[in-house]
Every structure is written in C-alpha cells, then in structure tokens.
Amino acid sequence: MPPLALANRVTCVTPSITLAMTARAKAMKADGLPVCSFSAGEPDFDTPDHIRAAAKTALDQGKTRYGPAAGEPALRQAIAHKLQNDNALCYGPENVIVTNGGKHSLYGLMMALIEPGDEVIIPAPYWLSYPEMVKLAGGTPVIVPTTAEQNYRIIPEQLRQAITPKTKLFILNTPSNPTGMVYSPAEIAALAAVVVEADIWVVSDEIYEKILYDGATHLSIGAVSPEAFERTIISNGFAKGYSMTGWRVGYLAGPAELIKAVATIQGHSTSNVCTFAQYGAIAALEGPQDCIAIMGRAFAERRDAIIKRCRAINGLSCGEPEGAFYLYIDISSLGLPSLDFCNQLLDEKYVAAIPGIAFGAEGTLRISYATDMDTILEGMDRLDAFVADRLG
Ligand code: GLU
C-alpha cells in the first residue's frame, strides 16, 4: 500500500461535530440506553402526506432517470416563483439551481466563487460547516464574534471593520442556527448598506425562514434594494420548513452566470438531485402550506416549555429565540469547556447537546427542540440534575 498522504484541503478541515454527536447518541440509543437527543436540528414530524404522495407518484411514473444537473425545470420554475412571491426577489429559473440539500448549495457556491486568498466574513456563533466549506475552497474564514448582549447579531460597524480588500463574501444566516435569533428588517437594511458600499457578495442562508415566533418577520437582504439584490445569493432548502431532512433537496439562487458555474461543478460531482425527490419538493411549494403553521405551533409550544425549564436551572441562562428550533444556552458559570460539558452530559445523563465550541463560541451549548415534549421535559430534568451535581 502506498503512503496515505491525504490532501491538505481535508487535513485542515474539522469533522462535523453535529453529525458526530448525533451519531454517538443514535449508537447509544441502539444499545438500549435511554438517550434524550437534542443534537441534530431535525424536525421529528413526518414529511407531510401530499409531499410524500407526489414523490411516490413520480416514482410510479418513471421519474427515475438522470435529469438536468441544475434540477428539474418545473422545480427551478417553482422555486423562482416562491422567491418572487415570498421574498420579493426577482429571479427566473435560470437564477436557480437545485442542490443536494441546503448544505450542498453553500458548498457549490464556495467552490464556484472562492479562491485561495479570498476572505469570507462569518459572524460567530455560526453554523459549523461555514468555515470548513470556505477552507475546502481554499479561502480564509474571517470570524467576527458577537455576544449575548448584542443578541448574537453582527452590527454594521463590526462588518465594516472586518472588510478588507480581500473580502469576497459575507455569510448571513437569519433565523440563525445555532442561536435562534432573527435580524429585524431595519438591521438587515443596515447590513445591506455596508455590503453595497463595500461592493462585496453576501450569501443569505434562509433555511429557517418559515420557523418564526412572536410575530418576528423574515426579510431577505436581497429585497432591501436593487443594489443589494445584485450582490445577494440565496441558499435555502426544504429540510427544516417541510420536515424533509433526508430528502436532500435544497437550492441556490443568484446571478445566472454564477448558477451556471455551480451547475458545471455539480455536473462533475453529484449530477442531479434524486429525480423523484424533486417532485416532492414541487408539491411542497405548490401544495397547501398549512403544514408549516401546524409544525410551527408545535415548535412554539416546545420553545416556551424549554425556555421556562432552562431559566429555572440555577447556573444556566438563555435568550428568547425568535426563529429556528434551537435554544442557545450560556454555561459559562460552570467553568467547564463546552465539549467536556456535552461529553459528560451524554455519558452520565444520556442527554445529547452540541457544544458551543462547534459554533465558534465557548461557554455555550445548543439544544435542538425539534423533538417531542416528553423528551424535552425529561432531558431538561436531567440537564438540571447534571448542572446541580457540578455546582454542588
Ligand atoms: N443543520 C443541522 C444542524 O445544525 C443538521 C446537521 C448538520 O447538517 O450539520 O443540526
């Protein structure tokens, strides 16, 4: 066997802690341990019936062949309509590529846009794959820390200060994974002004746009002005809003030339997204939308319960997420590194959570409440006991 000299691009990348933690929790569950999993952000609902039915029909109709690398024309069209109607973004099908989940849309973007030496601005806490994807493309992630006091939102001045002549892209994620915060329209407009002034690209990860609480609204940065629109790229998908995580259908929208470049990369890497799954996605966009409100109400109930439980635990504190399905908890008073905290919590109490260090912010952890109420209440009791043991 020749020496296994792995490529530098992979040796500088960290494996996904969310996926690793989730796999560990699943393995423990399979061993019969009573695990409460708050790890992966994965809705526990079945994919709505009409979406599953559409994919089954497509399968029966023989939609089982290769399709265009950029996606089924009908789905690209449906996504373009959605972006026009929901987000006031003036895209046509040529501005849209269907990708293997939202994650792969961002990966394709990095591969098409980022070159060695390019800087990409990422506010922390961030979804853990952003910096790794930038590194895989040879770029340099520029991390801008935010604090609980600023509700984990990057402010325009911080963005302005992070911009250098090498800055190519700014990654904006609202509603946010892992903090659940949502930028207000005024905050989005202020960030858009900086993007336009500096003439950089912004990718807006809007995968949680449908999951909002307490009247929070989602504004796409591309809808702020024609100048912002020109510099905006949208990443989104069906996983979170329609409970379709395993389907792997996402999309990227932006200038046609960029989309064409991503399609070329996709044509040489994954080809098209599973053909019949794309027909399920068409049904998701064109069918009844009440499933979103139904799941949203369940998430809201769980959110309220988990905030209440967390605030009752001496030593922990948390904000009030306005979107997504994550509670971001400050554990700094325990003085334990977040990875140790989460490993010990899983080993001792069989509760799986994601350490803040995975999101570039020590002293915190993320709990996904996209799980049933019994698990939430039981898991929070165990978290309470774990913290009480540590504080004595
Ligand atoms: N995006 C989800 C999460 O943050 C799924 C896991 C992943 O893709 O990293 O939990």
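Remember, it's 1-based here, ligands and their atoms both numbered in the order they're listed.
Taking 4.5 Å as the limit, some side-chain heavy atom of Glu362 sits within range of a side-chain heavy atom of Pro337.
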Report all N/O contacts between ligand 1 and the protein shorter than 3.5 Å as a table of atom names and distances to 0.1 Å; if there are none, say 'none'.
| residue | atom | partner | partner atom | Å |
| --- | --- | --- | --- | --- |
| ligand 1 | 1 (N) | Lys240 | NZ | 3.2 |
| ligand 1 | 4 (O) | Trp127 | NE1 | 3.3 |
| ligand 1 | 4 (O) | Asn177 | ND2 | 2.9 |
| ligand 1 | 4 (O) | Arg366 | NH1 | 2.9 |
| ligand 1 | 8 (O) | Lys103 | NZ | 3.0 |
| ligand 1 | 9 (O) | Thr18 | OG1 | 2.8 |
| ligand 1 | 10 (O) | Gly41 | N | 2.7 |
| ligand 1 | 10 (O) | Arg366 | NH2 | 2.8 |

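Remark: the Glu72 side chain and the Tyr279 side chain contain an N/O donor-acceptor pair separated by less than 3.5 Å.
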> Run the ring-ring contact (aromatic ring centres under 6.0 Å, His included) check on Phe341 and Phe386 step by step: do they pass?
Replying inline: CA-CA 9 Å; Phe341 186 106; Phe386 178 84; 4.9 Å; yes
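Expressed to the nearest 0.5 Å, how far CZ of Arg76 lies from CG of Asn95 amounts to 9.0 Å.
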If you look only at distance, which donor and acceptor atoms sit under 3.5 Å apart when one is on a side chain in residues 321-331 and the other is two or more places apart or in another chain?
| residue | atom | partner | partner atom | Å |
| --- | --- | --- | --- | --- |
| Glu322 | OE1 | Arg153 | NH2 | 3.0 |
| Tyr326 | OH | Tyr208 | OH | 2.6 |
| Tyr328 | OH | Thr364 | OG1 | 2.8 |
| Asp330 | OD1 | Ser332 | N | 2.8 |
| Asp330 | OD1 | Ser332 | OG | 2.6 |

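The existence of a salt bridge linking Asp86 and Lys210 is confirmed by a sub-4.0 Å separation between a basic side-chain nitrogen and an acidic carboxylate oxygen.
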